[in-house]
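Below is one structure, written out as structure tokens, with a few remarks after it.
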Amino acid sequence: MATKHSKKAAHDPANDLLENPEVLAERLSRGEAFLKKNSKVLAGVLIAAIVLIGGILFFQINNQNQNDKAQSEMFQAVYFYEQDSIDFALNGDGINPGFLQIVEDYPNTDAANLANFYLGSIYLSEQNFAEAINYLEKFSSDDYLVQGKAYSLLGDAYLESGDLDKAISNYEKAANYNENKYFTPKYLYKLAIAFEEAGRIEDAIEAYGEIEDKYYESYEYSFARKHKARLEGLAAK
């Protein structure tokens, strides 16, 4: 009895479909009827999917081509920047475009993104803090050194503009972004100065203390110790 029961339990209804031609034919006819009835809808969905996929591929290929062209054209602007030929770097030399034209002609490319960084740093050096903020806010990078530097430059621009809250916020981002012994103490030092200007003495002491505790080999170490002791003396009064 157990054997019969197990065979019955093991019966698969799907076998009825495979073994019975009439059932199979009925299922197929239903499928054909559905396709005929909804052929226009299905065709529309298929066409829409093809157009969507084609559009995505076109955008990706076109964007890559635009980026390659922009990178090539921006080479001379970078050279001018490194040679401190700031006007040529910004506006080009009449033959090669400057960073401003790269941003305008090739938006949404990696080259334009990098040009935003260069533009921000240039305007910051010229004390045009509004434009520095404008371009640096548009920049983003996965490179931990460059992105940290961008946050720091933004902090400088906001600090010089008198916006201490945003200066502090960006210095904190710089200091916390992939901490390293080369740049983090510099960002912490700037952060401590911003805290002090904002009257947040305890926070400034903490920032100086982090340099003292973790980055004793850095250039900022001795200055951090001195200013930390000075603020602790002020706090104790």
Side-chain angles (χ1 to χ4, degrees), residues 56 59-86 88-92 96-161 163-194 207 210-211 214-215 218-220:
I56 293 172
F59 174 80
Q60 291 176 338
I61 294 171
N62 183 65
N63 192 64
Q64 183 60 49
N65 290 337
Q66 289 285 300
N67 186 61
D68 291 343
K69 186 177 180 181
Q71 291 280 10
S72 176
E73 292 188 10
M74 194 170 72
F75 177 82
Q76 192 64 35
V78 174
Y79 173 78
F80 287 138
Y81 175 87
E82 293 174 345
Q83 297 300 313
D84 291 328
S85 299
I86 300 304
F88 284 159
L90 286 173
N91 303 300
N96 302 286
F99 292 124
L100 289 171
Q101 188 173 343
I102 293 295
V103 168
E104 182 178 351
D105 292 348
Y106 304 100
N108 303 317
T109 63
D110 293 339
N113 181 51
L114 185 57
N116 286 325
F117 176 84
Y118 282 113
L119 287 167
S121 64
I122 288 172
Y123 283 123
L124 181 61
S125 69
E126 295 185 334
Q127 299 187 353
N128 187 338
F129 305 121
E131 288 295 346
I133 290 169
N134 175 44
Y135 286 105
L136 288 170
E137 287 282 13
K138 297 175 182 177
F139 173 77
S140 64
S141 174
D142 293 330
D143 186 296
Y144 78 96
L145 294 179
V146 179
Q147 183 61 71
K149 179 68 172 177
Y151 286 141
S152 177
L153 293 177
L154 260 175
D156 294 344
Y158 278 120
L159 184 68
E160 294 295 337
S161 299
D163 193 334
L164 290 173
D165 289 339
K166 287 188 176 180
I168 288 170
S169 174
N170 280 283
Y171 286 144
E172 286 178 326
K173 289 178 182 178
N176 294 324
Y177 192 83
N178 288 297
E179 297 180 28
N180 61 89
K181 65 181 181 180
Y182 302 105
F183 296 101
T184 301
K186 293 179 173 59
Y187 303 149
L188 285 170
Y189 193 79
K190 290 183 177 184
L191 176 61
I193 292 173
E210 188 171 349
I211 298 173
K214 297 169 64 175
Y215 302 103
S218 68
Y219 174 79
E220 292 75 19

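All residue numbers in this chain count up from 1 along the given sequence.
- Remark: the backbone N or O of Val103 is not paired with any side-chain donor or acceptor of Asn116 at under 3.5 angstrom.
- Between the side chains of Ser152 and Lys186, no donor-acceptor pair is found at a separation under 3.5 Å.
- Across Ile211 and Ser218, no two heavy atoms sit closer than the pair CG2-OG, 4.0 Å.
- More than 12 heavy atoms of other residues, nucleotides or ligands shown are found within 6.0 angstrom of CD on Glu126.
- Counting heavy atoms from C-beta on, the side chains of Leu191 and Glu172 come closer than 4.5 Å.
- With rounding to the nearest 0.5 Å, the separation of CG in Leu159 from CG in Asp165 is 11.5 Å.
- Between the OG atom of Ser140 and the CG atom of Asn113 there is a distance of 4.5 Å, given to the nearest 0.5 Å.
- Judged purely by atom type and a 3.5 angstrom limit, Tyr171 uses its side chain to pair as donor or acceptor with the backbone of Asp156.
- In terms of heavy atoms, Ala132 sits closest to Gly120 at CB-O, 3.5 Å.
- Atom NZ of Lys149 has 12 or fewer heavy atoms from other residues, nucleotides or ligands within 6.0 Å.
- Taking 4.5 Å as the limit, every side-chain heavy atom of Leu153 sits out of range of all side-chain heavy atoms of Tyr123.
- Taking every heavy atom of both residues into account, Ile133 and Ala157 meet most closely at CG1-CB, 3.5 Å.
- Side-chain contact check for Pro97 versus Asp105: every heavy-atom pair is 4.5 Å or farther apart.
- Counting heavy-atom neighbours within 6.0 Å of Lys166 NZ, excluding the residue itself, gives a total of 12 or less.
- Here CD of Glu220 is found 8.0 Å from OH of Tyr189. Values are rounded to the nearest 0.5 Å.
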Checklist entry - For Glu179 and Lys214, what are the C-alpha separation, side-chain angles and deciding distance, and is it a side-chain contact (heavy atoms from CB on, under 4.5 Å)? => result CA-CA 11 Å; Glu179 297 180 28; Lys214 297 169 64 175; 3.1 Å; yes
Next on the checklist: Applying side-chain contact (heavy atoms from CB on, under 4.5 Å) to Lys69 and Tyr106, what does each step give before you reach the verdict?
Outcome noted: CA-CA 9 Å; Lys69 186 177 180 181; Tyr106 304 100; 3.3 Å; yes
Next on the checklist: What verdict does the side-chain contact (heavy atoms from CB on, under 4.5 Å) test give for Leu154 and Glu137, after you've listed the backbone C-alpha separation in whole Å, the side-chain angles of each residue and the deciding distance to 0.1 Å?
Outcome noted: CA-CA 8 Å; Leu154 260 175; Glu137 287 282 13; 3.9 Å; yes
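- Asn96 CG to Ser72 OG: the interatomic distance, rounded to the nearest 0.5 Å, is 9.0 Å.
- Between Phe117 and Phe139, the ring planes lie tilted relative to each other; the angle falls in the 30° to 60° range.
- Within the cation-pi definition used here (under 6.0 Å to the ring centroid, within 45° of the axis), Lys190 does not qualify as a partner of Tyr187.
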Next on the checklist: With side-chain hydrogen bond (donor to acceptor under 3.5 Å, both in side chains) as the criterion, how do Ser121 and Tyr81 come out once you've worked through the C-alpha distance, each side chain's angles and the decisive distance to 0.1 Å?
Outcome noted: CA-CA 10 Å; Ser121 64; Tyr81 175 87; 3.0 Å; yes
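- In this structure, OH in Tyr215 is found 7.0 Å from CG in Asn180, a value given to the nearest 0.5 Å.
- Using the six-membered ring where Trp is involved, Tyr177 and Tyr151 have ring planes that are perpendicular, over 60° apart on the 30 and 60° scheme.
- In this structure, CG in Leu136 is found 9.0 Å from CG in Asn170, a value given to the nearest 0.5 Å.
- Closest approach of Val146 and Ser141 over heavy atoms only: CB-OG, 4.4 Å.
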Checklist entry - Under the side-chain contact (heavy atoms from CB on, under 4.5 Å) criterion, do Phe99 and Ile122 qualify, and how do the steps go? => result CA-CA 10 Å; Phe99 292 124; Ile122 288 172; 4.1 Å; yes
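- Taking every heavy atom of both residues into account, Ala112 and Pro107 meet most closely at CB-CA, 4.3 Å.
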